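Below is one structure, written out as C-alpha cells; the observations come after it.
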Amino acid sequence: MKISASFLSSKNIPSDLVRLNDTDVDYIHVDIMDGKFVQNKTMPFREMRHIYRYTSKRLDVHLMVSDPIKYIPLYAELNTEYITFHVEVDQDIEKALNLIHQYSIKAGLAICPNTKVSELIPYLPYLDMILVMSVEPGKGGQSFIEGTDKKILEVRALLNEYHVQAVINVDGGINDQTRVQCGECDILTAGSYIISSDNFQEKISSLR
Ligand code: DX5
Ligand code: ZN
C-alpha cells in the first residue's frame with residue numbers, strides 16, 4: 001500500500017515536512033481550498049510554493065476549488081506527480097484533465113461521499129487516479145464515513161468494467177483501524193493520524 005501524507009492539520013508546516021522527508025512516505029498530499037468549493041481557505045500559491053524547500057517527495061495535489069483550470073498551471077510547476085480536482089465542479093472537466101496531462105502530470109478526479117460513482121464514467125479514459133473522499137472535503141481530523149468500503153468496491157468494479165488502469169486513493173479519517181475498510185485501494189491519504197504523532201514513521205508503517 002502506498003501512503004500519501006496530508007499536512008493540512010500541521011501547526012508547523014516546514015518542520016513537519018522535514019520530518020516527513022525522513023520517512024518512507026510515498027507522497028506529500030497538498031490540500032488546496034479556495035473558500036468557494038469548500039468554506040475553508042488554504043494559503044495562496046505564492047506561499048505554498050515554498051514547500052519545495054522542505055521536501056524532496058513527489059506531490060499529490062488535491063484541489064478543493066471551484067476553478068481548477070486556474071490552479072493547475074501553478075501546481076504543475078512544483079515536483080508534482082498527481083493533480084486531482086473534484087468531479088462535482090461546474091467546469092469543463094475534460095478540458096481540465098487534458099490540461100494536467102499537457103504538463104506531463106498524472107490526472108485525478110475526486111469524488112465526495114454523496115456523489116454517485118457513475119458520475120466518473122464520462123472521464124474514465126482520462127484518469128490516472130480516483131480520489132475517494134471518506135469524509136466531506138474541507139477540513140482535517142474528521143471521522144471516516146462508514147460505507148466508504150462499499151464505494152471503493154464500486155469504483156474498483158467500474159475500473160475493471162471499463163478496463164481503466166487508474167489507481168484508487170482514499171482520503172479522510174484514515175488511521176490503523178479504518179484502513180482495514182480500504183483493502184481495495186492503492187494509496188491511503190492520512191493527515192492528522194500521522195501529523196499528531198511523535199513518530200511519523202511508526203504511523204506510516206502501520207498503514208501499509
Ligand atoms: C479533507 C482533506 C484531507 C484531510 C485528511 O478535506 O482533503 O486530505 O486533510 O486529513 P485527516 O486524515 O485528518 O482526515
Ligand atoms: Zn485531501
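None of the values given here were measured: they were computed from a predicted structure. Order of listing sets the numbers, starting from 1, for every ligand and every atom in it.
Protein heavy atom nearest atom 2 (C) of ligand 1, with residue, atom name and distance: Asp31 OD1, 3.5 Å. Looking at atom 3 (C) of ligand 1, its nearest protein heavy atom turns out to be Asp171 OD1, 3.0 Å. Gly138 N, 2.8 Å is the protein heavy atom nearest to atom 6 (O) of ligand 1. Closest to atom 12 (O) of ligand 1 among all protein heavy atoms lies Gly191 N, 2.8 Å.
Taking a cutoff of 4.0 Å between a charged side-chain nitrogen and a carboxylate oxygen, Arg19 and Asp16 qualify as a salt bridge. A salt bridge is absent between Arg208 and Asp176; no separation between the charged side-chain nitrogens and carboxylate oxygens falls under 4.0 Å. Residues Asp186 and Arg156 are paired through a salt bridge, judged by an N-O separation under 4.0 Å between the basic side chain and the carboxylate.
Numbered from 1 in the order shown, with element, the atoms of ligand 1 that lie under 4.0 Å from a heavy atom of Ala190 read 12 (O). Near Gly173, meaning under 4.0 Å from one of its heavy atoms, ligand 1 places the atoms 11 (P), 12 (O), 14 (O). Listed by atom number, the atoms of ligand 1 under 4.0 Å from His62 heavy atoms are 7 (O). Near Met133, the atoms of ligand 1 lying under 4.0 angstrom from a non-hydrogen atom of the residue are 7 (O). Every atom of ligand 1 with a heavy atom of Gly172 under 4.0 Å away is listed here by number and element: 14 (O). Counting atoms of ligand 1 from 1 in the listed order, those under 4.0 Å from a heavy atom of Ser192 are 11 (P), 12 (O), 13 (O). Those atoms of ligand 1 with a heavy atom of His29 less than 4.0 angstrom away are 8 (O). Here is the list of ligand 1 atoms found below 4.0 Å of a heavy atom in Gly140: 10 (O), 13 (O).
No cation-pi contact links Arg58 to Tyr27, judged by a cut-off of 6.0 Å to the six-membered ring centre and 45° from its axis.
Between Asp31 and Thr42, the side chains place no donor N or O within less than 3.5 Å of an acceptor N or O (distance only, hydrogens not considered). Side-chain polar atoms of Glu94 and Tyr126 form a donor-acceptor pair below 3.5 angstrom. Checked by atom type, the side-chain pair Asn79/Ser56 shows no donor-acceptor distance below 3.5 Å. Of the N and O atoms on the side chains of Ser206 and Tyr193, at least one donor lies less than 3.5 Å from an acceptor on the other residue. Side-chain polar atoms of His62 and Asn169 form no donor-acceptor pair below 3.5 angstrom.
With a 4.0 Å cut-off on non-hydrogen atoms, Lys139 touches ligand 1 through its backbone and not its side chain.
Inter-residue side-chain proximity for Leu109 and Ile93 is flagged as met; some heavy-atom pair is nearer than 4.5 Å. Leu207 is listed as a side-chain neighbour of Ile174, based on a closest heavy-atom distance under 4.5 Å. Counting heavy atoms from C-beta outward, Lys151 and Ile111 have side chains that approach closer than 4.5 Å.
At most 12 heavy atoms of other shown residues, nucleotides or ligands fall within 6.0 angstrom of atom CG in Asp90.
Less than 2.8 Å away from the Zn ion (ligand 2), the protein contributes these N/O/S atoms: His29 NE2, Asp31 OD1, His62 ND1, Asp171 OD2.
Backbone and side-chain nitrogen or oxygen atoms of Met64 are examined, and none is located within less than 3.5 angstrom of a nitrogen or oxygen of ligand 1.
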